[in-house]
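Every heavy atom of this structure was used, including side-chain atoms; hydrogens, water molecules and symmetry mates were not. For ligands, and for the atoms within them, numbers begin at 1 and follow the listed sequence.
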Amino acid sequence: MNSNLISKRNKLIENLKSQGINDEKVLEVIAEIPREDFIASYLAQQAYENAALPIESGQTISQPFIVAYMTQELQVTDKHKVLEVGTGSGYQAVVLAKLCKRLFTIERHMPLYKKAEEIFKKFRLYNITTLFGNGMKGWKEQAPFDRIMVTAAGVDIPDELLYQLKEGGIMIIPVGGQEETQHIIRATRHGDEFKIKTLLPVKFVPLLSGIVHSS
Ligand code: SAH
């Protein structure tokens with residue numbers, strides 16, 4: 001990695017701290033993951049700008065602040081089994097995999113799913129298991145999960161996902177339509193009840209059902 005990108009990465013970490021990201025482990029993993037590896041080479045110089053960037057299949061890699069914020073709110077430990085819905089570039093998955101015990105991640109676009117699998121191999125992250133499918137249904141065979149993170153905006157919180165949380169488990173999901181203000185929601189399971197907290201306003205691509213075989 002060239003020194004120019006290293007200095008941009010250090011600046012990004014300072015910027016995240018000044019925006020209230022104070023979980024040392026979250027900052028550490030963001031500081032060690034080369035975000036340029038998850039985007040097209042023509043965008044490499046923008047890898048450490050605090051901005052969402054385009055990836056294949058008309059999707060986006062989230063803004064680093066949002067990745068850091070959602071990860072911090074998820075309160076992940078190395079004992080946790082975590083589900084991510086919306087693998088996309090694989091960047092958020094790598095952040096989570098470095099913090100948890102096992103990460104399961106689902107993507108509905110075949111080209112993104114394949115590319116992410118390659119990148120997880122390259123990073124030698126063998127605690128990640130991938131699935132090509134509709135993540136709105138969760139992953140019944142692997143449930144229950146300590147934590148669930150959805151990285152696409154649902155019009156509401158899918159019930160099937162909520163009920164795949166363990167007791168005391170936490171889910172982070174952006175909620176809202178494409179034409180309205182979306183918010184990050186944190187749902188915590190207490191028996192069959194869920195404590196809901198509304199967090200930051202955000203802008204995410206939509207959580208959609210069905211699968212897409214080509215780009
Ligand atoms: N976490 C990703 C963010 C990618 S954008 C990253 O770090 O790059 C959100 C992703 O969610 C897109 O790739 C989109 O195809 C995917 N997605 C949307 N609805 C989905 C669904 N129902 N199941 C699985 N993936 C979904």
task: For L112, take its heavy atoms, then give the atoms of ligand 1 lying under 4.0 Å from any of them.
output: 13 (O)
- prompt: Counting heavy atoms only, which part of E107 comes closer than 4.0 Å to ligand 1: side chain, backbone, both or neither?
  reply: both
message: Considering non-hydrogen atoms of the protein only, which is the closest contact for atom 8 (O) of ligand 1, and what is the distance?
response: S89 OG, 2.6 Å
- request: Identify the protein heavy atom lying closest to atom 9 (C) of ligand 1, giving its residue, its atom name and the separation to 0.1 Å.
  value: T151 O, 3.3 Å
message: We want to know whether E36 and Y48 form a side-chain donor-acceptor pair, criterion being a heavy-atom distance below 3.5 angstrom.
response: yes
- prompt: Does ligand 1 have an atom that lies less than 4.0 angstrom from a heavy atom of A93?
  reply: no
query: Just going by heavy-atom distances, which of Q92, R108, E56 is nearest to atom 17 (N) of ligand 1?
result: R108
- request: Give the residue, atom name and distance (to 0.1 Å) of the protein heavy atom nearest atom 14 (C) of ligand 1.
  value: Q59 OE1, 3.4 Å
task: Before accepting this row, confirm whether a basic side-chain N of the pair K98/E32 lies closer than 4.0 Å to the acidic partner's carboxylate O.
output: yes
message: Closer than 4.0 angstrom, basic N to acidic O: yes or no for E14 and K17?
response: yes
- prompt: So does E193 have more than 12 non-hydrogen atoms from other groups sitting under 6.0 Å from CD?
  reply: no
field: Closest approach of any protein heavy atom to atom 22 (N) of ligand 1, naming residue and atom
entry: L208 O, 2.6 Å
Contact atoms of ligand 1, heavy-atom distance to H109 under 4.0 Å: 15 (O)
Salt bridge flag under 4.0 Å for residues D37 and K122: yes
- request: Below 4.0 angstrom from a heavy atom of E84, which ligand 1 atoms are there? Numbered from 1 as shown, please.
  value: 1 (N)
- prompt: Does D146 come within less than 4.0 Å of K81, counting only side-chain N to carboxylate O?
  reply: no
task: Identify the protein heavy atom lying closest to atom 11 (O) of ligand 1, giving its residue, its atom name and the separation to 0.1 Å.
output: G86 CA, 3.1 Å
- request: Would you mind running through ligand 1 and noting each atom that sits below 4.0 Å from a heavy atom of A152?
  value: 11 (O), 18 (C)
- prompt: What atoms in ligand 1 come closer than 4.0 Å to a heavy atom of G133?
  reply: 23 (N), 24 (C)
field: Atom pair CZ (R147) and CG (L99), whose distance is rounded to the nearest 0.5 Å
entry: 12.0 Å
- prompt: Given I61, T60, I39, V94, which one has a non-hydrogen atom that is nearest to atom 3 (C) of ligand 1?
  reply: T60
task: Using a strict cut-off of 4.0 Å, indicate which atoms of ligand 1 neighbour a heavy atom of V205.
output: 5 (S), 9 (C)
query: Going by heavy atoms, is T87 under 4.0 Å from ligand 1?
result: yes
query: Does a side-chain N-to-carboxylate-O contact under 4.0 Å join K8 and E49?
result: no
statement: A student checking ligand 1 against P206 at a 4.0 Å heavy-atom cut-off should list atoms 18 (C), 19 (N)
field: Atom pair CG (L83) and CD1 (I106), whose distance is rounded to the nearest 0.5 Å
entry: 5.0 Å
message: For F132 together with H213, are the ring centres under 6.0 Å from each other?
response: yes
query: Would you say ligand 1 has an N or O under 3.5 Å from any N or O of S62?
result: no
field: Atoms in ligand 1 flagged as close to Y91, the criterion being non-hydrogen separation under 4.0 Å
entry: 7 (O)
query: From I66 CD1 over to L200 CG, what is the distance, rounded to the nearest 0.5 angstrom?
result: 6.0 Å
field: Nearest-contact summary for atom 23 (N) of ligand 1 - protein heavy atom, Å
entry: G135 N, 2.8 Å
task: From the options T71, T105, T87, select the one residue that forms a side-chain hydrogen bond (donor to acceptor under 3.5 Å, both in side chains) with Q92.
output: T71
